[in-house]
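This structure is a prediction, so every number in the text was calculated from the model and none was measured.
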Amino acid sequence: MSERSESSTEKIMSSIIDTIADNLPRQKSGQFDPGSVSEKVKNKLFARQDTVHRVLGGGKPADVLLWRNKKISTSVLALATAIWVFFEWLGYHFLTIISLALVLGMVAQFVWSNFSSMLSGSPSKVPRVELPEELFVNIAVATGAQVNKFLCFLQDVSCERNTKHFLVAIAGLWAAAIIGSWCNFLTVIYIGFVCAHTLPVFYEKYKDQVDDFLYGLLGLLRDQYQKIDRGVLSKIPKGNLKDKKNE
């Protein structure tokens, strides 16, 4: 029984590789699986119902991601790059950076408070730097909400008994584990930050080409999944929980 399943799996994987090799040259010309125009429009990313700006939530964050204000977007990306360079390339640690920043701040306030009175003749008030408590509360609440949503999503996928969604989630987590073995968590965050500042504006400029490519790729993956489903997944025995409860 195991030899038959292994041979069927090998046949399916070889057919997948052959199909991908046959379809890759066609993707360069922008023509994919034949279908009606209405079906292609339905499968467009975001279904063209909303603009990329609205999908990103609108407001200033969307303006930054779509480079509406190039100065702000450049400054944000440069700051993230500088932080990543300090921690990864130069080998600084978080405590080192915080200590150096506090030292520079104290030196600046010391010079300001002592030499300003000598130059103007009257002591000047040094501005106080205070971070609002609501900032930390909002960050904690937003982070907790996103973590809970992610955990609920994983639990829903595990309990809905949908093999397709379950395998996709497992593959995504497995890919994240592999990426995590290649680089540390800070590098992964930086890569995601750079992608968030480049992919939306890239899609906004080349949305038609991206939609056509994704439509063909998803169609190809759907066909290959159906082959795997018919050859392997459909042969896996599935228990009926309702019958067991009735018994």
Side-chain angles (χ1 to χ4, degrees), residues 45-46 52-106 129-160 162-206 210 213-214 217-218 221:
L45 194 60
F46 308 132
V52 181
H53 191 270
R54 290 183 180 180
V55 171
L56 294 176
K60 292 183 178 179
D63 293 338
V64 173
L65 295 177
L66 293 176
W67 294 73
R68 295 287 190 267
N69 191 331
K70 294 183 178 181
K71 292 183 179 180
I72 297 177
S73 300
T74 304
S75 301
V76 172
L77 191 59
L79 178 62
T81 304
I83 293 174
W84 181 75
V85 168
F86 269 108
F87 285 106
E88 291 300 318
W89 282 10
L90 301 181
Y92 285 97
H93 299 283
F94 182 75
L95 182 60
T96 304
I97 298 295
I98 294 297
S99 300
L100 292 177
L102 293 175
V103 167
L104 292 177
M106 292 181 64
V129 179
E130 294 182 358
L131 298 177
E133 296 181 359
E134 297 179 355
L135 175 64
F136 300 98
V137 174
N138 293 333
I139 292 175
V141 171
T143 304
Q146 296 300 323
V147 171
N148 288 331
K149 287 182 180 180
F150 181 70
L151 293 177
C152 290
F153 170 75
L154 294 181
Q155 292 175 354
D156 293 338
V157 171
S158 301
C159 298
E160 69 178 352
N162 190 323
T163 307
K164 180 179 179 180
H165 294 169
F166 180 76
L167 292 178
V168 170
I170 293 297
L173 293 176
W174 187 263
I178 294 175
I179 294 174
S181 64
W182 293 343
C183 52
N184 56 20
F185 186 64
L186 180 62
T187 304
V188 174
I189 293 178
Y190 176 70
I191 293 173
F193 192 84
V194 173
C195 291
H197 283 75
T198 54
L199 295 182
V201 66
F202 176 80
Y203 175 75
E204 191 178 36
K205 291 183 178 180
Y206 305 100
V210 173
F213 175 78
L214 291 179
L217 182 61
L218 292 176
L221 293 177

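The line from OG1 of T198 to CH2 of W67 is 9.0 Å long, rounded to the nearest 0.5 Å. With rounding to the nearest 0.5 angstrom, the CH2 atom of W174 is 13.0 Å from the CD1 atom of I179. To the nearest 0.5 Å, the span separating CG on L221 from CG on L217 amounts to 4.5 Å. The line from OG1 of T187 to CD of E88 is 3.5 Å long, rounded to the nearest 0.5 Å. We find the OG-NZ distance between S73 and K70 to be 10.0 Å, quoted to the nearest 0.5 Å. In this structure, CH2 in W89 is found 9.5 Å from OG1 in T81, a value given to the nearest 0.5 Å.
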message: Is there a side-chain contact (heavy atoms from CB on, under 4.5 Å) between F202 and V210? Walk through the geometry before answering.
response: CA-CA 9 Å; F202 176 80; V210 173; 3.9 Å; yes

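Annotation: side chain of V64 is in contact with side chain of I72 (closest heavy-atom distance under 4.5 Å). The shortest distance between side-chain heavy atoms of I97 and F87 falls below 4.5 Å. For the pair H165/D156, no side-chain contact is recorded, criterion being any heavy-atom separation below 4.5 Å from C-beta on. Y190 has its side chain out of reach of I83: every pair of non-hydrogen atoms, C-beta onward, lies at least 4.5 Å apart.
Put simply, the side chain of S181 gets close to the backbone of I178: a donor and an acceptor are under 3.5 Å apart.
Summarising the geometry of P200 relative to C195, their closest heavy-atom pair is CD-O, 3.5 Å, with the distance given to 0.1 Å.
Annotation: F86, atom CZ; neighbour count of heavy atoms from other residues, nucleotides and ligands within 6.0 Å does not exceed 12. Dense packing is recorded around CD of E160, with more than 12 heavy atoms of other residues, nucleotides or ligands lying under 6.0 Å away.
Just one residue in the list E204, K60, H197 forms a side chain to side chain contact (heavy atoms under 4.5 Å, CB included) with L65, and that residue is H197.
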